[in-house]
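Keep in mind it's a predicted model, so treat the numbers as computed, not measured. Lettering of chains follows the sequences in order, A, B, ..., and the numbering in each one begins at 1.
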Amino acid sequence: MTTAEIPVAPAAPTPPVLGRRAWVEHVMGTAVSVHVRAVEPTRPDIEAAVGRVYAHLRRAEAVLSTWRPDSDLLRLQHGETDDVHAWVADVTELCLEAEDRTDGLFRAWRARPGGRTVLDPTGLVKGWAVAAAAEHLAVVPEVAFAVGAGGDVVVGAGRGPVAAAPAWRIGLEDPRRAGAVADVVTVRRGAVATSGAAARGGHVIDPRTGGPVTRAGSATVVGPDLTWADVWATAAWVDPEHAGRLLGERDPSYRLVLL
Amino acid sequence: MRRITTWLLSTVSVLVLLFSYHTSTNSAGAGVVAVGESGVGGTDASTDDTGSVDGDASTGSGTTDGGPSGSGSSSGSGSSTDPGSGSSSADGGSSDSGSSSSAPSGTFTGDAVQTRFGPVQVEITVRNGRITKSVVTQVPWSNGRDQEINSVAVPVLNDEAVQSQSADIDMVSGATYTSDGYRQSLQSAIDRANL
């Protein structure tokens with residue numbers, strides 16, 4: 001009698017079921033949504049990291065707001081103090097770099113009545129602050145996250161294999177029909193920033209004319225870092241063709257979607 | 001170590017003797033078994049001996065309870081299956097919470113938003129993370145003109161909220177909205193389903 005060994009296929013490891021949790025807080029003049037995916041999304045270390053994300057954004061607002069008279073930036077501009085947070089210098093430098101990199105399509109200096117030119121870094125601060133704030137989640141083990149700040153999105157995963165960084169589906173809002181999605185991009189780690197006329201009307205200034213951009217539509221940039229995705233989206237909203245060309249030459253890891 | 005083990009063992013056996021005496025006179029046996037087990041549970045050293053102690057105790061409870069021979073067998077096997085059933089129930093718990101929060105279902109009602117024309121409120125129904133239905137629960141409906149406009153506008157609004165979700169998205173990228181604008185945004189509906 002012989003015994004035959006029946007081969008038994010080893011059970012494939014079942015992927016962990018990821019739970020999901022979301023937070024929303026109003027900061028920097030918009031609503032900031034934080035979504036996490038984890039096996040146990042109620043973990044206290046995740047909760048604490050989300051708290052640090054919002055604390056970081058509130059701090060950035062207190063330092064760099066252009067409408068809060070007690071912000072470091074405005075107190076410096078009004079000559080009330082020289083002792084400001086290091087972020088003011090960081091952002092000033094980034095604004096110079098952004099202007100250079102986009103051939104002046106992005107410009108953070110505004111002429112004020114009386115011949116003064118003042119720094120208005122609003123167009124860069126939100127993306128920059130959200131990118132930095134999201135880093136508080138990138139150091140948490142076994143978590144995937146998406147942070148959406150009024151239309152700018154950064155997604156990523158913390159340390160360890162959270163089912164190998166799950167994909168997030170980012171809907172690109174139809175600039176002609178509020179609340180409708182015109183396109184979807186899938187991102188595991190990276191950023192999506194959109195600049196357009198949809199929500200607040202001609203609000204981006206064309207630095208070459210000094211007037212607002214009045215076209216319909218929107219420009220979305222997908223890439224590794226939200227600071228630069230945001231800058232390039234603004235530049236592409238001002239001049240899609242020129243910015244698209246520059247993007248291919250200078251930042252080929254970023255992709256432009258025009259709607 | 002050896003002395004501690006023997007001391008514990010003797011304590012345990014004295015306890016068991018005491019308790020088994022009690023079980024023969026009154027029927028509080030089942031409760032007593034638990035005490036004996038938990039007392040032994042603290043020591044790792046003497047698992048073999050506790051096995052026999054357990055056996056004694058469980059037969060004790062078996063005889064006193066009489067009817068529940070099922071309970072006798074379950075307490076006897078309890079020491080071996082306990083960790084197993086413990087971990088399986090933990091698994092069940094995490095997958096439960098996972099499936100429920102990864103694919104939320106239910107009905108979510110938005111805040112009533114004051115518009116120039118009156119309050120507007122939307123309710124969405126989510127099944128497995130997708131918006132399957134959206135109903136405008138409150139619309140300005142005070143005069144004939146309102147009704148005329150809303151009978152056209154409301155169905156269109158409902159249709160759009162569902163259609164835009166057909167792509168099953170996690171986040172929305174679009175031109176910046178204000179804090180106020182957020183409340184009517186698609187992002188707020190997605191957030192609400194995951195909060």
Against chain B, label [X] side chain, backbone, both or neither, depending on which of its atoms sit under 4.5 Å from a heavy atom there.
X	answer
A:A233	neither
A:A229	neither
A:V192	both
A:V32	neither

Pairwise side-chain contact, A:R37 with B:D170, heavy-atom cut-off 4.5 Å (strictly under):
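A:R37 reaches B:D170 side chain to side chain.
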Does a side-chain heavy-atom distance below 4.5 Å link A:H35 with B:D191?
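The answer is yes, as the side chains (C-beta and beyond) meet within the 4.5 Å cut-off.
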Take atom CZ of A:R43 as the centre, draw a 6.0 Å sphere, and report whether it contains more than 12 heavy atoms from other residues, nucleotides or ligands.
yes
For the residue pair [X] and [Y], what are the closest heavy atoms and their distance?
X	Y	result
B:S173	A:G151	OG-O, 2.8 Å
B:I169	A:I170	CG2-C, 4.5 Å
A:S33	B:Q187	OG-CG, 3.7 Å

For A:D225, check salt bridge (charged side-chain N to carboxylate O under 4.0 Å, His left out) against everything at least two apart and list the hits.
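Residues passing salt bridge (charged side-chain N to carboxylate O under 4.0 Å, His left out) with A:D225: none at all.
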